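Everything quoted here is computed from the prediction, not taken from an experiment.
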Amino acid sequence: MDKATPIPATDGDVYIPYEDRTGDESTVWFTRDLSAEGLRRVCARVTDRLRGHVAVKLHTGEPDGPNIIPRPWVRELVEKDLADATIVETNTYYEGARYTTEDHLATVEHNGWTFCPVDIMDAEGDALLPVEGGRWFKEMAVGASLPTYDTMLTLTHFKGHAMGGFGGSDKNLGIGCASGLVGKKWIHSGVGAGEAWGVTDEEFMERMTESTKSVVDFFGEGIVYVNVMRNMSVSCDCEGVDAAPVVTPNVGILASTDILAVDQACVDIVFAMTEEENHDLVERITSRHGLRQLSYMKELGMGNDRYRLVDVDHGDEAITAADAAADLVPFGEDDR
């Protein structure tokens, strides 16, 4: 970490419309089909990059957590398309059912993730990955076994988050790959700092995103990103059965080889909803200054905030975020 204390940005509550962004466009694949078949179909657009020892970074949830990606979907994906994959996680920074490796594995089994290997990556400690161009970190402590994987599928339940505003692929990697006792502490409180949860707002987004960058850079072209916009409580899946009720409509599944593009597209779809549909989630994102995740990923050269959204349900036609957000069924009024 630098000796001089960095100064975080202050604009993490400001949404930048698409027309005001600059730079190249990436491709983001989109389906409204929230099912195992839909997940497999959209994943197929990006998983040709996966080779060798494949990690699936997935939030397996607190005991009986109601909003995580359905296990049968993931099972079908793994068994039919990623037969040698391993689900990977790290222990939590907070004390609870996933704080120790023993308790974490018991929770994994309780929640039904028994159809393929599950690796708690920091069970044997930490590995240090470099953070190129970071203002807060020069290296990040991730789970010790992370470097043993050749490629990674980042499979993310997109939702709100108590500290991050929203949890997309950035949060799934930045917090989810950082080791529980070291990396997560650095992000939440600072290296050598005392207060356990002292880092918030833009500084938290920047620290988390630098952690993500260490993982993204490690895998290079061998990492892909899939966000599932379903059961989007304002609460993270870390809150389990205590998560706030879902009021935002379900949308679909997005995939990309660009982490910024896929998270930005999800945020854009949320902001394109009606106020009745998106009020709670937009308030959560802006009040926590969570949009700094996006602008900092762009500053760090992690991807593009402009993208071509491709509708795989309708002949790969290009659509807008507003198109994806149109005619949504209120949560609880469909059969998903």
Side-chain angles (χ1 to χ4, degrees), residues 23-59 69-70 73-88 116 146 149-158 167-174 176-177 212-213 215-230 251-269 293-294 297-298 301-321 324:
D24 294 334
E25 288 186 341
S26 296
T27 299
V28 178
W29 309 94
F30 172 71
T31 179
R32 297 170 183 82
D33 183 2
L34 283 159
S35 69
E37 294 74 20
L39 178 63
R40 290 185 62 215
R41 184 164 63 252
V42 78
C43 280
R45 300 303 182 102
V46 296
T47 51
D48 58 345
R49 292 188 175 209
L50 301 182
R51 299 282 190 278
H53 194 195
V54 179
V56 178
K57 178 59 195 74
L58 174 73
H59 197 312
I69 299 173
W73 298 9
V74 182
R75 179 171 188 163
E76 188 165 330
L77 173 69
V78 169
E79 291 182 346
K80 293 186 176 181
D81 303 322
L82 301 169
D84 296 323
T86 298
I87 291 174
V88 299
C116 74
L146 186 147
Y149 293 92
D150 299 307
T151 54
M152 176 177 280
L153 167 62
T154 311
L155 183 54
T156 303
H157 172 218
F158 185 90
S169 287
D170 184 29
K171 184 267 175 186
N172 190 7
L173 293 179
C177 290
T212 299
K213 189 175 192 299
V215 178
V216 170
D217 287 352
F218 173 79
F219 286 108
E221 293 188 354
I223 185 169
V224 297
Y225 314 93
V226 176
N227 286 357
V228 179
M229 299 185 74
R230 170 191 177 273
V251 176
I253 308 172
L254 296 85
S256 185
T257 59
D258 182 327
I259 186 173
L260 171 53
V262 76
D263 274 2
Q264 181 73 68
C266 289
V267 170
D268 288 344
I269 291 170
Q293 294 184 52
L294 303 171
M297 279 195 278
K298 186 168 185 176
M302 295 170 64
N304 300 312
D305 60 358
R306 301 176 72 248
Y307 52 86
R308 181 173 178 265
L309 191 60
V310 177
D311 187 344
V312 303
D313 301 331
H314 297 93
D316 288 355
E317 67 175 335
I319 61 172
T320 66

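- Side-chain N/O atoms of N172 and T154 include no donor and acceptor closer than 3.5 Å.
- Across all non-hydrogen atoms, the minimal contact from M302 to V216 is CE-CG2, 4.3 Å.
- A pairwise comparison of heavy atoms in M229 and L34 identifies O-CD1, 4.2 Å as the closest pair.
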Using side-chain contact (heavy atoms from CB on, under 4.5 Å), reason through L153 and V226 one step at a time and then give a plain yes or no.
CA-CA 8 Å; L153 167 62; V226 176; 3.7 Å; yes
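- Between A261 and S26 the shortest heavy-atom distance is CB-CB, 3.9 Å.
- Distance check: S256 OG to F30 CZ gives 14.0 Å after rounding to the nearest 0.5 Å.
- Looking at residues two or more places apart in sequence or on another chain, you find a side-chain hydrogen bond (donor to acceptor under 3.5 Å, both in side chains) between D305 and K298.
- Formation of a donor-acceptor pair under 3.5 Å by the H59 side chain with backbone atoms of T156 is not found in this model.
- By the side-chain contact (heavy atoms from CB on, under 4.5 Å) test, R40 pairs with E76, L77, K80, D81, sequence neighbours left out.
- Here the CG atom belonging to N227 is positioned 6.5 Å from the CG atom belonging to L254, to the nearest 0.5 angstrom.
- The shortest non-hydrogen separation linking V251 to A324 is CG1-O, 4.0 Å.
- Separation of atoms CD (Q264) and CD (Q293) is listed at 11.0 Å; rounding is to 0.5 Å.
- Atom CG of D24 is separated from atom CG of N304 by 5.5 Å, given to the nearest 0.5 angstrom.
- Residues satisfying the side-chain contact (heavy atoms from CB on, under 4.5 Å) test with R41, not counting sequence neighbours, are T31, D33, V312, D313.
- Pairing each heavy atom of R45 with each of D48, the nearest pair is O-OD1, 4.5 Å.
- What you find for V228 and H157 is that their closest heavy atoms are O-CD2, 3.6 Å.
- With rounding to the nearest 0.5 Å, the separation of OG1 in T257 from CD1 in I259 is 11.5 Å.
- In terms of the salt bridge (Lys or Arg N to Asp or Glu O under 4.0 Å) criterion, E317 has no residue partners (sequence neighbours excluded).
- At a threshold of 4.5 Å between non-hydrogen side-chain atoms, the residues F219 and V224 do not count as touching.
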Are R230 and I69 close enough, and set up right, to give a side-chain contact (heavy atoms from CB on, under 4.5 Å), and what steps lead you there?
CA-CA 8 Å; R230 170 191 177 273; I69 299 173; over 6 Å; no
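- For the side chain to side chain contact (heavy atoms under 4.5 Å, CB included) test with L50, the passing option among V56, L82, D84, D150 is L82; the others fail.
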Which is it for F218 and I223 under the side-chain contact (heavy atoms from CB on, under 4.5 Å) test, yes or no, and what are the steps along the way?
CA-CA 9 Å; F218 173 79; I223 185 169; over 6 Å; no
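- Side-chain contact between W29 and I253 is absent, with no heavy atoms from C-beta onward closer than 4.5 Å.
- At least one side-chain heavy atom of Y225 sits under 4.5 Å from a side-chain heavy atom of L173.
- Residue pairs meeting the salt bridge (Lys or Arg N to Asp or Glu O under 4.0 Å) criterion with at least one member in residues 252-266, sequence neighbours excluded, do not occur.
- Under the 4.5 Å side-chain criterion, counting only non-hydrogen atoms from C-beta, L260 is in contact with L294.
- D268 is listed as a side-chain neighbour of Y307, based on a closest heavy-atom distance under 4.5 Å.
- Not counting sequence neighbours, the partners of H53 by the ring pair (Phe, Tyr, Trp, His ring centres under 6.0 Å) test are Y149.
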